[in-house]
Amino acid sequence: MKKLAIFDLDGTLLNTIADLAYSTNHALRCNGFAEHPLADYPFFVGNGINKLFERALPEGERTEANLLKIRQAFLPYYDTHNTDYTVPYPGIPELLAHLQANGVRLAVASNKYQQATEKLISSYFPGIRFTAVLGQREGVAVKPDPAIVYTILETAGVSKEETLYIGDSGVDMQTAANSGITSIGVTWGFRPRRELEENGADYIVDTAEEIRLYI
């Protein structure tokens, strides 16, 4: 039996795409750039907000100055509106409660900035005692670098062999591989099954309940 389950946040635990899209479009609009349809955003996210902004800006406008302008418009808006449309995926609250009740430690490893990661976890999963809730932090490499996972393992005092990593994207599968941890790719998130397969997912599941089979 596994002792620790590390979850990605966006696209795995929570469907955050609408709030991310509307907030980015707000920032683009404020700075005179064209907005994007909601359907574009699943392929913009996954590597932290700076990469989101870079992908959302027109190709010839991806300068440091423009990235800073978008960031300055995005952050206060998203901090206010990041729970407007965000919801847990079906079966996720029940899965977390089941794992917790059976003694499995739980953690979050996200490329979302730390303040928003903590807010969303406390807002949507108040009854779950996470061993660690880590997002993007200054001076720490983002996923697929394994640094965030190593910090969680050290905090939990659990070995790689006793750990599962669950996520919805190629970045997540790469993170698990770089960390030497068994990965589960979930198909309900932002990226297609093909991306999970191409990035070496050890297992792929279509429902939250299926994850119980691998704990």
Shared ILVMFWY cluster between [X] and [Y], side chains joined below 4.5 angstrom?
X	Y	result
F130	Y124	yes
I49	Y77	no
L9	L106	yes
L96	I166	yes
Y113	V142	no

Basic-acidic side-chain contact under 4.0 Å: [X], [Y]:
X	Y	result
E197	R194	no
D206	R193	yes
E35	R29	yes
K119	D79	no

How would you list, by chain and number, every residue that makes a side-chain hydrogen bond (donor to acceptor under 3.5 Å, both in side chains) with [X], sequence neighbours excluded?
X	value
Q100	none
R55	N47
T117	none

What heavy-atom pair brings [X] and [Y] nearest, and what distance separates the two atoms?
X	Y	result
P146	S179	CB-OG, 3.3 Å
I215	A5	CD1-CB, 4.4 Å
A73	N31	CB-ND2, 4.0 Å
T175	P144	OG1-CA, 3.1 Å

How many angstroms lie between [atom1] in [X] and [atom2] in [Y], if you round to the nearest 0.5 Å?
X	Y	atom1	atom2	answer
L14	T83	CG	OG1	10.5 Å
I204	D168	CD1	CG	12.0 Å
I70	R62	CD1	CZ	12.0 Å
L67	K69	CG	NZ	11.0 Å
L99	L95	CG	CG	4.5 Å
N82	D84	CG	CG	8.0 Å

Test of understanding: with side-chain contact (heavy atoms from CB on, under 4.5 Å), list the residues that count as partners of [X], not counting sequence neighbours.
X	result
D10	T16, L20, S110, K112, F190
N199	M173, Q174, E195
V205	I184, V186, W188, E210, I211, Y214

[X]: which residues meet the ring pair (Phe, Tyr, Trp, His ring centres under 6.0 Å) condition with it, sequence neighbours left out?
X	result
H98	none
Y85	Y22
Y78	F74
F44	H36, Y41

Quiz item: Between the side chains of T182 and D202, is a donor N or O closer than 3.5 angstrom to an acceptor N or O?
Solution: no
Quiz item: Does a donor on one side chain and an acceptor on the other come within less than 3.5 Å for D172 and S169?
Solution: yes
Using modelled atom types only, decide if a donor and an acceptor are shared between the side chain of [X] and the backbone of [Y] within a distance under 3.5 Å.
X	Y	value
R191	G189	no
K143	A109	yes
R137	Q114	no

Quiz item: Any chance NZ of K2 has more than 12 other-residue heavy atoms, nucleotides or ligands included, within less than 6.0 Å?
Solution: yes
Exercise. Flag yes if more than 12 heavy atoms outside Y203 fall under 6.0 Å of its OH atom; otherwise flag no.
Key: no
Exercise. Supply the members, apart from I148, of the Ile/Leu/Val/Met/Phe/Trp/Tyr cluster built from side-chain contacts under 4.5 Å; use none for a lone residue.
Key: L4, I6, L134, V149, Y150, I152, L153, V158, Y165, I181
Quiz prompt | For V140, the rest of its hydrophobic cluster, which grows through side-chain links under 4.5 angstrom | solution = none
Quiz item: Could you go step by step and tell me if T131 and T155 meet the side-chain contact (heavy atoms from CB on, under 4.5 Å) rule?
Solution: CA-CA 7 Å; T131 295; T155 300; 4.1 Å; yes
Quiz prompt | side-chain contact (heavy atoms from CB on, under 4.5 Å) between F125 and I92, intermediate numbers included | solution = CA-CA 10 Å; F125 308 111; I92 287 295; 3.9 Å; yes
Self-check item: Side-chain touch Y89/L13, heavy atoms, less than 4.5 angstrom
Solution: no
